[in-house]
Amino acid sequence: MVVTRFAPSPTGFLHIGGARTAMFNWLFARHHGGKALLRIEDTDKARSTQEAIDAISEGLDWLGLDWDGETVFQSERAARHAKVAHELVASGNAYKCFATSEELTEMREQQRAEKKPMRYDGRWRDRDPSEAPDGAPFAIRLKTEMAGKVTISDMVQGDVSVQNSEIDDFILLRSDGTPTYMLAVVVDDHDMGVTHLIRGDDHLNNAFRQLALIRAMGWPEPLYAHIPLIHGNDGAKLSKRHGALGVEAYRDMGILPDAMFNYLLRLGWGHGDDEIISRAQAIEWFDLSGVGKSPSRFDTKKLQNLNGHYMRDAADNDLVRLATPWIEQDLGQALTAANKELLGQAMPVLKSRAKNLIELAESSLFLFKKRPLGLDERAENLLDDPARTLLKSIHLGLTDLEDWTLEATEEVIKAIAESAELGLGKLAQPMRAALTGSTSSPGIFDVLILLGKEESLGRLADQIEKT
RNA sequence: GGCCCCUUCGUCUAAGGGUUAGGACGCGGCCCUUUCACGGCUGAAAUACGGGUUCGAAUCCCGUAGGGGUCACCA
């Protein structure tokens, strides 16, 4: 049984890299019919917040990632962690280190000055605890191998080897009795039965330490998959500066979760030439061998493009629901049931023109604005005297029209264009300006039908009267 | 600095010894067209560099350069 886990530390929102790590863990588990677990690594009480826990949880929900079993909070397991550390001391695989922080800082400074690697020098490794002052605080360190090397067969990175001499006797339990991350992760992963560790490759170096600990306990070794980090547009590490915020920031930019899911999936992973991949296909296709080894850059343009695709694919009533808050904000008032129905009718011609929900909302505003419409600058410029004169004959022609349909309105306008010896564009643009207040909109006959006869004629008349 | 990892169009990627090095985003052109989008067609655009191995290298090996990660009683 495959068991994966996503283990964020709640010190901020769910950022893009974390979201992708979560996705890969989730996909791998779902692909293999295994379990995907969630663990909150909140051992750093000073930096962990409830807000961050909520933000991460909301972000995961938004992306549609669900987790099996109860969420594990690492902080609640401190006693278990400490117990393991003491077992290790008892079995001779770990020892008490009485060195003070000051002492260790001094040691590192000296190593730096001598240009030697900065590592714990093992000063308490073979000393007897009785040599320490009575009641002196101590940390517990793992007694690691001195010679030879370790190799991890990483499912993404391949075989990676490190000399044991590179790994120092790291701390398991702090002098205040609290576990370090290194201890907590290993114990929790073991206790949760995690079989596959899929995480950012910033943890690759840690894996060797963790493996040493696992072996000291004689526990089964998990399989590792260290996936490359995501970088910003400039190739540097992804940071707040890049506008690479939490996933909720993209939600607030009008991005659809399915688009984000698809984008993140294709970032660092490929399946032939496939670009648009549904969740079902993703679960069917996802495997670790498709994950690349090099870091990839976050590209907002491609995300937007993908989002446009998912917008066009989305159900009209879903888009009505999702766009409504933005529209209400722009309008400064709530949409009525009738408004929403109109929006639903307009959706087929609106959604193909928007790359995100914000654009969609903006493009729908003309439906709800009250007469007389304010025109934007381009629309205003377009409505010169000849144009307004044209509007007059259009208004006249449309007034007598009983059958207010796409076909009938088009017939009328085309007839007017013909008799005036003008292209349809010459009539459509002034109409668009008068009807929508803008120079771009859905097809002009669609606009006519959506607004209805009375409103359409009213808006045309508003502009004619200005002459 | 030590250690570890990485390197195909600007970006995401395909090609795992033999291809005109493919697709997608973005960019340019054309078509469609009542605007804006969509869509269709099309163009420019890459194997970091240097050595090997081989009949043949993007692909295997070595080196160089560049990039990234990591070196806490943080996680």
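So you know, we letter chains A, B, ... as the sequences are listed, proteins then strands, and number each from 1.
- A cation-pi arrangement is present between A/Arg141 and A/Tyr120 under the rule of less than 6.0 angstrom and at most 45 degrees off the ring axis.
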Protein-nucleotides 57-65 of chain B N/O pairs under 3.5 Å:
none

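- Between A/Arg108 and A/Glu106, no side-chain nitrogen of the basic residue sits less than 4.0 Å from a carboxylate oxygen of the acidic one, so the salt-bridge criterion is not met.
- Nucleotide B/rG28 has B/rU42 as its partner under the Watson-Crick or G-U criteria, with both atom distances under 3.5 Å.
- Phosphate proximity of B/rC73 to A/Arg108: present, with a side-chain N or O under 4.0 Å from OP1 or OP2.
- Residue pairs that meet the side chain to side chain donor-acceptor pair (under 3.5 Å) test with at least one member in residues 342-356 of chain A, sequence neighbours left out, are A/Gln304-A/Asn356, A/Asp316-A/Lys351.
- Between B/rC73, B/rC3, B/rG26, one nucleotide has an atom nearer to the side chain of A/Lys301 than all others, and that is B/rG26.
- The residue A/Ser175 sits close to a base: some heavy atom pair falls under 4.0 Å.
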- Treat primed atoms plus P, OP1 and OP2 as sugar-phosphate and everything else as base, then score nucleotides 5-15 of chain B 5' to 3': B for base contact with protein heavy atoms under 4.0 Å, S for sugar-phosphate contact only, - for none. SSS---SBS--

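- In this structure A/Leu427 satisfies the side chain to side chain contact (heavy atoms under 4.5 Å, CB included) test together with A/Leu390, A/Ile394, A/Ile413, A/Ile416, A/Ala417, A/Leu422, sequence neighbours excluded.
- Remark: B/rU64 base-pairs with B/rA48; criterion is Watson-Crick or G-U wobble with both hydrogen-bond distances under 3.5 Å.
- In this structure, A/Arg279 is positioned above the aromatic face of A/Phe261, its NZ or CZ under 6.0 Å from the six-membered ring centre and within 45° of the axis.
- Here B/rC73 is the nucleotide among B/rC73, B/rA75, B/rC4 with the atom lying nearest to any side-chain atom of A/Ala139.
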- Message: Walk along nucleotides 29-50 of chain B from 5' to 3' and tag each nucleotide B, S or - by protein heavy-atom contact under 4.0 Å, base first, then sugar-phosphate.
- Response: -----BBBSSS-----------

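- Using N1 to N3 plus N6-O4 or O6-N4 for Watson-Crick, or N1-O2 and O6-N3 for G-U wobble, each under 3.5 Å, B/rC71 pairs with B/rG1.
- Under the rule for a salt bridge (charged side-chain N to carboxylate O under 4.0 Å, His left out), A/Arg20 has no partner lying at least two apart in sequence or in another chain.
- Nucleotides B/rC6 and B/rC60 are separated by 11 Å at their P atoms, to the nearest Å.
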